[in-house]
Structure formats: C-alpha cells, structure tokens
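Data first, discussion second: the structure below is written as structure tokens.
So you know, we letter chains A, B, ... as the sequences are listed, proteins then strands, and number each from 1.
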Number of protein chains: 2
Amino acid sequence: MKDTSKTDTCPTSHTPGQCPLDTVLRLLMGPWTTYVLWLLQTEGPLRFGQLKARMGRISSKVLTDRLRHLEAAQLITRTYAPTIPPAVTYAMAARGAELKDVLDGINQLAVRWQSEDEARALSQAAE
Amino acid sequence: MKDTSKTDTCPTSHTPGQCPLDTVLRLLMGPWTTYVLWLLQTEGPLRFGQLKARMGRISSKVLTDRLRHLEAAQLITRTYAPTIPPAVTYAMAARGAELKDVLDGINQLAVRWQSEDEARALSQAAE
DNA sequence: CTGTATCCGATATGATACTG
DNA sequence: CAGTATCATATCGGATACAG
C-alpha cells in the first residue's frame, strides 16, 4: 500500500500519473487553462465560439485541447446539442467549483505578495 | 454575486506579469518545481548537490533554473558560503511555507478525486 | 562544489485551411 | 458552429563539456 490518505503529497513532478497533486498542477499550467475556468465561473455556461471570442488570440486547436482535458478531469461539463448548426455548451462542474476555492487561496497569496513587493520597491526608491 | 471578495483575480493566463495568480501557477508548473519545494520542506535546508542527487535525472541547467525562479519569487532562500570549494545552501522561505498550505489543499482535492474515480471504476467493473 | 555554455531533440503553440 | 488536420516556429528539457 502506498498510502495516500496522508495528505502528505508525494515528491513528484516527474512521474505523471503517480502524484495526484502533480496531475492537477500540470492540468492547470498551460496558458489559457485558468482563463477558461475563470470565464465559465464568472459568466456561467458558454459555447465554444463564445469562449474563443473572449480569449482573443487562442487557436481552435489549443482551446479544444484545454476543454478536453478539463472535461476529462471533470472540472467542466460539455453539452452537445445536435441541432443545425450544432451547439456545444461548456459549464463548470462540481470539481471545478471545488478547485476554484483553492485557486482563490493561491490568488490571494499572489496578490498580497505582489503588493508587498510593490510597497518595498516604492520605499526603496524613496531612499 | 460574483464576488469573492474581489480578490477577483484577473482573467489571465496569457498576459504574464499582469495576473498574480497566473504568475504563481506558471512558476509551479514545470517539472521538478514542486519536488524541490517538497524536499526542502520535508528534509530541511539542502545544498545544490544534495538536491540534485535526490532528484535523480535532473540536469544542472534545469535545477539551477528552478532554484533561481523560486528564489526570485522569495519562496526559497539561497545562502552562499565562499569557502573552497564553495557551498550553497537552499532553504524554504516564509512565502514557501505559506504556499505549502494551499498546495496541500489542492493535493487533498486531487487525492480525493482520484480515490473517487477509482471507487467508481471498481463498481462499474463489478456490474 | 556549483554552476554556465552549447547543441539537440521533444513538445507545445499559433496560424491557416478544411470538414460535418 | 465546432472542431480537425497540417505546418512552421518557439520554447523547453536533457546530455555533455567546461569554468570559477
């Protein structure tokens, strides 16, 4: 038994599939990924074209790739309506909402650190 | 309400430097990065060579790169002793410890999701 | 010991074109 | 509309050699 249960993550990062933390981290890393989650969370369900339009210069290929991975991880849902033309809608799933909380946690740290750095830069410039 | 206390980050991920969350996420993503943090946190301060030895096949180039970025972000500290031969020791900094908490949060989610998936796979196989 | 300098192959992203 | 296919390019990681 290799445990797990101990939140004691694993020393990972180079053995994909073995470390849950690493798997999630890798999923989030690529460009655009957190942006997709952000949009679905703040604007609600969106269709492929709407997402693409809001993201500016992302290519269909990359956007599709991100959506597929997020869907596979059950962070978002994909709903296909076989109308003509077809309509595909993406929305946050339960896990996406859970992840949102921790991402907010990191974000709060990041924002604070940045402001601390700026404050320090200013005080030094004043010397 | 879209609220979130307005730490309402930014819709980012493609504009480096503009979004604090994205900056941190990008820092953590690369292979080895979380591994370095993990080692320093569980084993205490370590020297360059010790880190390299524990990480197996990482190259000096990549390890140096990771350490430089972590140091720049103030997640770890670098102590240089001008002895002969020189000795450089890396250790967790205050921000690294703060980050550790949220990483544990993600890890707990990741571990739970994985076990949920495994449980589902088993029940389906039983049908 | 602790890196830096290079070359190289793998991967990933963007732009473009095309299909159901 | 919602992708898929392909190609060119950029970046990244790995291995090796070498320097302070």
Side-chain angles (χ1 to χ4, degrees), chain A residues 11-17 19 22-23 25-36 39-40 43 45-73 76-91, chain B residues 12-17 19 22-23 25-37 39-40 43 45-73 76-91:
Chain A
T12 183
S13 215
H14 60 302
T15 33
C19 176
D22 188 58
T23 301
L25 245 26
R26 283 175 183 281
L27 173 65
L28 299 176
M29 294 209 295
W32 311 113
T33 307
T34 55
Y35 196 6
V36 169
L39 288 173
L40 292 180
E43 300 197 30
L46 292 172
R47 291 174 53 179
F48 185 89
Q50 295 178 307
L51 280 169
K52 193 169 188 300
R54 283 166 174 70
M55 302 178 77
R57 299 172 314 187
I58 193 174
S59 64
S60 296
K61 188 181 85 172
V62 175
L63 178 54
T64 299
D65 177 79
R66 296 294 180 279
L67 292 171
R68 291 282 182 280
H69 281 92
L70 290 173
E71 184 193 2
I76 64 174
T77 59
R78 176 178 184 276
T79 306
Y80 175 75
T83 54
I84 295 183
V88 179
T89 304
Y90 294 90
Chain B
T12 180
S13 214
H14 60 302
T15 32
C19 175
D22 189 58
T23 301
L25 245 26
R26 282 175 182 283
L27 173 65
L28 300 177
M29 295 208 294
W32 311 113
T33 308
T34 55
Y35 197 6
V36 170
L37 293 176
L39 287 174
L40 292 180
E43 301 198 30
L46 292 172
R47 291 175 54 180
F48 185 89
Q50 294 178 309
L51 280 170
K52 194 168 188 301
R54 283 166 175 69
M55 302 178 78
R57 300 172 315 184
I58 193 173
S59 64
S60 296
K61 187 181 89 172
V62 174
L63 178 54
T64 299
D65 178 78
R66 295 295 179 277
L67 292 170
R68 291 283 182 278
H69 281 92
L70 290 173
E71 183 193 3
I76 65 175
T77 58
R78 176 179 185 275
T79 307
Y80 175 75
T83 53
I84 295 183
V88 179
T89 303
Y90 294 92

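- Across the protein-nucleic acid pair, B:Q50 atom CD and C:dG3 atom C1' stand 16 Å apart, rounded to whole Å.
- If you measure from atom CD1 of A:I84 to atom C1' of C:dG20, you get 10 Å, rounded to the nearest angstrom.
- Distances shown here put a side-chain N or O of B:R78 below 4.0 Å from the OP1 or OP2 atom of C:dG3.
- With rounding to whole Å, A:E71 atom CD is found 14 Å from D:dA2 atom P.
- Minimum heavy-atom separation, B:K52 to B:S59: CE-C, 4.1 Å.
- Atoms CE (A:M55) and C1' (D:dA2) sit 16 Å apart, rounded to a whole Å.
- Considering only side-chain N and O atoms, A:Y90 lies under 4.0 angstrom from the phosphate OP1 or OP2 of D:dG3.
- The separation between A:R54 atom CZ and D:dA2 atom P is 12 Å, rounded to whole Å.
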Annotated protein contacts, base or backbone, on nucleotides 12-18 of chain C with a non-hydrogen cut-off under 4.0 Å, one of B, S, - each: -BBB---

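- A:Q50 places a side-chain N or O within 3.5 Å of a backbone atom of A:R47 that can act as its donor or acceptor partner.
- Residue A:R47 places none of its side-chain N or O atoms closer than 4.0 Å to OP1 or OP2 of D:dC1.
- In this structure, the separation between CZ on A:R57 and CH2 on A:W32 is 6.0 Å, given to the nearest 0.5 Å.
- OP1 or OP2 of D:dT4 has at least one side-chain nitrogen or oxygen of A:R68 nearer than 4.0 Å.
- Closest approach of B:Y90 to B:L40, counting heavy atoms only: O-CD2, 3.4 Å.
- Taking NE2 of A:H69 as the reference point, atom CD1 of A:I76 lies at 11.5 Å (rounded to 0.5 Å).
- Put simply, OH on A:Y80 is 9 Å from P on D:dG3, counting in whole angstrom units.
- Within the 3.5 Å criterion, the main-chain N or O of A:Y35 finds no donor-acceptor partner in the side chain of A:R66.
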